[in-house]
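What you see below is based on every heavy atom in this structure, not just the backbone, and it leaves out hydrogens, waters and symmetry mates. Atoms within a ligand are numbered from 1 in the order they appear, just like the ligands themselves.
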Amino acid sequence: MIANEKSAPRLVSLFSGCGGMDKGFEQAGFQRVWANDFDKDAQAVFRLNFGEIDGRDIREVPVDEIPACDILTAGFPCQPFSNAGNRRGVYDSRGELYLECLRIIERKLPKAVLFENVKGLISSKHQSGQYLIEVIKGDLEKLGYAVNYRVVNASDYGVPQNRERLILVAFRNDLGKRFEFPPVQLNKENLTLRHILDIPEDVPNQVYWPYSPQAQSMVEKIPQGGSWKNIPYEDLSPRFKRIRDDMKRYHAPNFYRRFSLDEINGTITASAQPENCGITHPIHNRRYTIREIARIQTFPDDFKFIDDTTKNIVAMYKVIGNAVPCHLAKVIGDAIMEQAFK
Ligand SMILES: C[S@@+](CC[C@H](N)C(=O)[O-])C[C@H]1O[C@@H](n2cnc3c(N)ncnc32)[C@H](O)[C@@H]1O
């Protein structure tokens with residue numbers, strides 16, 4: 001559905017990043033009336049593709065300056081909740097950014113709210129000892145919403161990437177229903193790398209961030225479908241030898257995963273480091289290009305990342321890795337449109 005300026009539900013987008021979630025909601029027929037992110041790189045990419053974005057820290061934005069909306073989306077920062085990071089949870093001030101969402105929801109009372117976050121949020125505890133997700137659910141219920149949440153794997157919804165994320169959808173009580181998650185896709189054959197890495201030459205942004213000499217020499221010894229475990233012990237650096245010597249202590253890390261053409265890629269992370277995500281091309285001994293990770297994140301090929309205003313290639317990996325896959329957002333957006341706005 002193409003957004004109809006007059007009747008399309010109005011969307012306020014918080015923590016918009018470069019606009020992965022916004023792209024999907026646009027495809028689902030929502031009309032964005034306001035977006036916000038304080039990261040300069042994210043803003044530059046957002047402007048290239050969508051136009052204006054408010055660049056202030058959300059904590060400094062008076063609620064009166066935010067327009068009325070029918071839906072509010074927010075993928076508040078993941079780090080405090082990430083399983084990979086420390087477990088300070090809400091003790092980290094960034095963990096309280098969801099309170100900013102509540103401050104705005106309380107005043108705007110949109111029909112629907114969508115929160116997106118890392119899977120780790122589900123097991124994070126609040127100071128009170130309660131699970132944080134239950135605290136968030138309770139807060140929304142107090143504001144008059146019916147809440148449903150679930151950890152979803154993006155590949156269950158047609159995204160060529162195994163990426164687990166928490167999705168929470170709240171419907172205002174007067175709708176008289178709770179959001180129902182759409183059915184999952186069982187046949188994932190078309191999601192393997194073979195189906196997405198064949199990119200026509202004229203598609204822009206086919207550039208990559210080279211590996212350090214040490215990473216490059218490791219990558220060259222790893223077959224497709226393998227990882228650092230395929231590298232002979234004697235070829236490892238002293239640091240990696242230490243880890244190999246005591247795998248239990250280091251929780252048997254799966255560094256330098258290199259997915260094969262017949263696999264679905266793992267989660268693309270903002271740091272784009274081979275130590276923490278599958279970021280090496282199956283056949284070529286290099287990091288994925290900007291366009292390749294954009295495809296794994298289901299950005300359309302006409303979505304622009306690099307031009308004269310956004311030359312920082314490392315920042316492009318960051319904003320793409322931070323994004324909600326556009327197609328996941330579209331599938332959830334379609335379901336919200338169907339259930340809350342028709
Ligand atoms: C996980 S990313 C969101 C990605 C986005 N949902 C997408 O699909 O592309 C979180 C974003 O929150 C932004 N952010 C963090 N703290 C913020 C704050 N206090 N005010 C405004 N933006 C903030 C970061 O700059 C980052 O781009």
Side-chain angles (χ1 to χ4, degrees), residues 11-28 30 32 34-50 52-63 65-66 71-82 84-85 90 92-104 113-121 152 154 157 159 161 163-169 267-272 277 290 293-294 296-300 303-305 310 312 314-333:
L11 180 145
V12 158
S13 164
L14 305 182
F15 309 103
S16 312
C18 71
M21 181 131 76
D22 284 74
K23 189 68 197 171
F25 272 79
E26 184 182 280
Q27 291 166 339
F30 292 87
R32 192 183 39 266
W34 196 77
N36 169 272
D37 199 295
F38 72 177
D39 180 84
K40 294 262 178 299
D41 303 309
Q43 289 163 16
V45 178
F46 192 96
R47 287 198 183 99
L48 261 181
N49 292 281
F50 302 102
E52 205 28 57
I53 180 167
D54 185 297
R56 286 174 287 179
D57 185 320
I58 191 65
R59 289 169 289 199
E60 288 160 11
V61 180
V63 75
E65 294 182 19
I66 302 173
I71 179 166
L72 177 141
T73 61
F76 42 87
C78 335
Q79 289 87 341
F81 307 124
S82 170
V90 289
D92 184 313
S93 66
R94 288 170 303 175
E96 284 171 8
L97 284 171
Y98 91 91
L99 293 176
E100 290 300 313
C101 306
L102 286 191
R103 169 175 76 91
I104 298 162
V113 171
L114 179 141
F115 288 164
E116 180 266 353
N117 217 283
V118 290
K119 181 185 169 191
L121 178 61
V152 305
Y157 290 113
V159 174
Q161 181 187 175
R163 182 183 187 95
E164 289 188 298
R165 285 293 183 270
L166 177 87
I167 302 284
L168 176 150
V169 179
T267 306
I268 298 293
T269 64
S271 74
C277 74
I290 294 292
I293 57 162
I296 294 170
Q297 284 278 59
T298 56
F299 282 93
F303 199 96
K304 303 182 197 76
F305 293 99
T310 56
N312 180 348
V314 178
M316 295 304 110
Y317 283 86
K318 174 186 75 180
V319 298
I320 297 171
N322 260 337
V324 176
C326 305
H327 188 70
L328 174 62
K330 178 184 183 300
V331 172
I332 300 293

Where does [X] meet ligand 1, judged by heavy-atom distances below 4.0 Å: at the side chain, the backbone, both, or neither?
X      : result
Val319 : neither
Ala329 : neither
Glu116 : neither
Leu97  : side chain

Are the side chains of [X] and [Y] in touch, meaning some heavy atoms are under 4.5 Å apart?
X      : Y      : result
Leu166 : Val118 : no
Pro300 : Lys23  : yes
Gln297 : Cys326 : no

Relative to [atom], which among [options] owns the nearest non-hydrogen atom?
atom                    : options               : result
atom 8 (O) of ligand 1  : Val45, Ile320, Val324 : Val324
atom 10 (C) of ligand 1 : Pro325, Gly75, Gly17  : Gly75
atom 26 (C) of ligand 1 : Asp37, Asp39, Asp22   : Asp37

**Message:** Quick check: Ala323 and ligand 1, any N/O pair under 3.5 Å apart?
**Reply:** no
**Request:** Please say whether Met21 places an N or O atom under 3.5 Å from an N or O atom belonging to ligand 1.
**Result:** yes
**Item:** Shortest non-hydrogen contact from Ala35 toward Phe46
**Value:** CB-CZ, 3.6 Å
Check each atom of ligand 1 against the heavy atoms of [X] and keep those under 4.0 Å away; list them by number with element.
X     : answer
Asp57 : 18 (C), 19 (N), 20 (N)
Ser16 : 5 (C), 7 (C), 9 (O)
Cys18 : 9 (O)
Gly20 : 7 (C), 8 (O), 9 (O)

**Message:** Can a donor-acceptor pair be found, under 3.5 Å and without considering hydrogens, that links the side chain of Asn117 to the backbone of Phe76?
**Reply:** yes
**Request:** Could you tell me whether Arg59 and Glu100 make a salt bridge, using a distance below 4.0 angstrom between a side-chain N and a carboxylate O?
**Result:** no
**Fill in**
Only residue of Val324, Val152, Leu328, Ile332 satisfying side chain to side chain contact (heavy atoms under 4.5 Å, CB included) with Glu116 is Val324
**Prompt:** With Leu14, which of Val61, Ile58, Asp37 fulfils side chain to side chain contact (heavy atoms under 4.5 Å, CB included)?
**Reply:** Ile58
**Asked** Quick one: is the NZ or CZ of Arg32 closer than 6.0 Å to the six-membered ring centre of Phe50, and within 45° of its axis?
**Response** yes
